[in-house]
Amino acid sequence: MHSDQYSLNATTHLSFMARAITLARKGQYTTHPNPRVGCVLVKDEQVIAEGYHQRAGGPHAEVVALRAAGDAAKGATAYVTLEPCSHTGRTPPCADALVRAGVSIVVIAMQDPNPCVAGSGIARLKAAGIQVIYGVMEAEARALNPGFIRRMEHGLPFVRLKMATSLDGRTALASGESKWITGASARRDVQFWRARSDVILTGINTVLADDPSLNVRLSAQELGIEGEVIQPIRVIMDSQLRCPPDIKLLSLPGETLIYTKRYNSDKVYELEQAGATVVVLESADPTARLSLEAVLRDLAKREVNEIHIETGSILAGQLLETGMASELLLYMAPNILGSDAMGAFRLPNLQQMQDRINLKIQDIRAIGEDWRIIAALEQTQVV
């Protein structure tokens, strides 16, 4: 923790910040492209008001809590999971709102990585005579917004690669049959990961083979949110523009982007009439693959924080090999498909043990009859 002095002991700070983090998580399906933020107002070591950011364009967590507290906010301590903003975006600066409310202390989990804020919110609070403490539960606060942080710090989204395999690492039989490797509980669990993402991405081979929907099939009640379910943007990587205009996902609500290297005016018109937006990325080498980095950086410019990828072995292998994947979400079913079945990752360039791709296991748990493994990639590209 960083501050000139402490008004409360560290245990008290942790307790109230933990509550603010819990509140922030309530916005995990609805805030994008904004970060998930929670705020708790405390006076005499009692919570007097709290709030969290619910949707982009709506009031920020601090404003929700201040409105609930009213005049009681004067002299209170505010616990906020992210540095209060100091610039005017869709809403006025939260740092100014805290100053006007007359809070005495602001405890912040982490500084805002957004260059528009990046310490200026803290400076504004201090200039108004408010004591500022920051760095309380910073790791937990960063875990709330991996995509927002990565986009602000590196100009890339956080990429989560989801795979479902048998115990022997296979995703489908040699015939292509793959429904269903995992059970109903695992397939339902995937829907929650889809819902927290800004984008669901796949490759053209998966589209041609499976005609997937790439949507969230949970209700607002199941997600525990108010209002409508926000459908992530669907993204197809299609270097040669082979995508048919009659695929299922183009008939569903929501936005679809198709990235390609090949411009064909008739095909582009046909796809856009069907509801897609075609994005042509120029390439000096017409035989090269569509650049993953170029696609991800373009999505970051569109304010995409988290990408959920469900795809075949070629694109999955490319994501691992290039270091563009941030996290692997692996569902492993208690069955064996055999040596002739299709593998999860096509990685022909791994010839020696020193070439292996290392993972750091974050979590392992049973989901119904299957196992879910969450692993971070140690070689994730950040430049």
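All values derive from a computational prediction rather than experimental measurement.
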What's the spacing between [X] [atom1] and [Y] [atom2] if we round to 0.5 Å?
X	Y	atom1	atom2	value
Ile258	Cys243	CD1	SG	4.0 Å
Thr311	Lys162	OG1	NZ	11.0 Å
Leu167	Ile181	CG	CD1	11.0 Å
Leu320	Arg356	CG	CZ	15.0 Å
Arg346	Leu315	CZ	CG	12.5 Å
Thr81	His53	OG1	NE2	11.0 Å

Are any of the side-chain heavy atoms of [X] and [Y] separated by less than 4.5 Å?
X	Y	answer
Pro84	Leu125	yes
Leu319	Ile309	yes
Leu257	Leu299	yes
Tyr134	Gln111	yes
Val136	Leu14	yes
Leu281	Leu290	yes
Ser104	Ile130	no
Pro93	Arg124	yes

May I ask you to say whether [X] pairs ionically with [Y], meaning some side-chain N is under 4.0 Å from a carboxylate O?
X	Y	value
Arg188	Glu222	yes
Lys261	Glu282	no
Arg365	Asp363	yes

List the steps and the verdict of side-chain hydrogen bond (donor to acceptor under 3.5 Å, both in side chains) for Asp298 and Tyr259.
CA-CA 10 Å; Asp298 185 78; Tyr259 283 88; 2.5 Å; yes

Evaluate the criterion side chain to side chain contact (heavy atoms under 4.5 Å, CB included) for residue pair Arg151 and Leu156; output intermediate values, then yes/no.
CA-CA 5 Å; Arg151 178 165 67 89; Leu156 289 165; over 6 Å; no

Just to verify, what does Arg234 make a salt bridge (Lys or Arg N to Asp or Glu O under 4.0 Å) with, not counting sequence neighbours?
none

Backbone of [Y] reached by a side-chain donor or acceptor of [X] within 3.5 Å:
X	Y	result
Lys43	Lys74	yes
Asp210	Pro212	no
Thr171	Ala344	no
Asn145	Phe148	no
Asp370	Thr182	no
Thr202	Ile236	no
Ser213	Asn215	no
Asp340	Ala174	no
Asn305	Ser197	no
Asp44	Gln46	no

Using only heavy-atom distances, determine whether the side chains of [X] and [Y] contain a donor-acceptor pair under 3.5 Å.
X	Y	result
Glu306	His308	no
Asn335	Arg170	no
Asp189	Tyr331	yes

Between Arg142 and Glu153, is a salt bridge (charged side-chain N to carboxylate O under 4.0 Å, His left out) present by the stated rule, with each step listed?
CA-CA 12 Å; Arg142 291 184 70 88; Glu153 293 181 346; 3.5 Å; yes

Check against side chain to side chain contact (heavy atoms under 4.5 Å, CB included), Leu82 and Met110:
CA-CA 5 Å; Leu82 185 69; Met110 64 170 287; 3.7 Å; yes

Show me the pairs that pass side chain to side chain donor-acceptor pair (under 3.5 Å) and involve residues 15-32, at least two apart or across chains.
Arg19-Glu50

To check you understand the geometry: which heavy-atom pair defines the closest contact between [X] and [Y], and what is its length?
X	Y	result
Ala95	Gly121	CB-O, 4.1 Å
Phe158	Gly147	CB-CA, 3.5 Å
Gly343	Ser313	O-CB, 3.4 Å
Cys39	Ala20	N-CB, 4.3 Å
Ala24	Leu144	CB-CD1, 3.7 Å
Ala56	Pro33	CB-CD, 4.1 Å

Taking [Y] as the starting point, is it possible to reach [X] by hopping between hydrophobic residues whose side chains are less than 4.5 Å apart?
X	Y	value
Val103	Ile122	yes
Trp180	Ile336	no
Met237	Leu208	no
Ile364	Leu377	yes
Leu359	Leu161	yes

Is the ring pair Tyr79/Phe16 parallel, tilted or perpendicular, if the boundaries are 30 and 60 degrees?
tilted

Verify the neighbour count for atom [atom1] of [X]: are there more than 12 heavy atoms of other residues, nucleotides or ligands below 6.0 Å?
X	atom1	answer
Asp246	CG	yes
Tyr269	OH	no
Lys248	NZ	yes

For Arg242 and Asn205, what are the C-alpha separation, side-chain angles and deciding distance, and is it a side-chain hydrogen bond (donor to acceptor under 3.5 Å, both in side chains)?
CA-CA 9 Å; Arg242 294 184 289 151; Asn205 290 334; 2.9 Å; yes

Set out, in order, the CA-CA distance, both residues' side-chain angles and the distance that settles side chain to side chain contact (heavy atoms under 4.5 Å, CB included) for Met17 and Ile133, then state yes or no.
CA-CA 12 Å; Met17 187 60 76; Ile133 301 168; over 6 Å; no

With side chain to side chain contact (heavy atoms under 4.5 Å, CB included) as the criterion, how do Leu329 and Arg372 come out once you've worked through the C-alpha distance, each side chain's angles and the decisive distance to 0.1 Å?
CA-CA 7 Å; Leu329 177 65; Arg372 187 188 72 193; 3.8 Å; yes

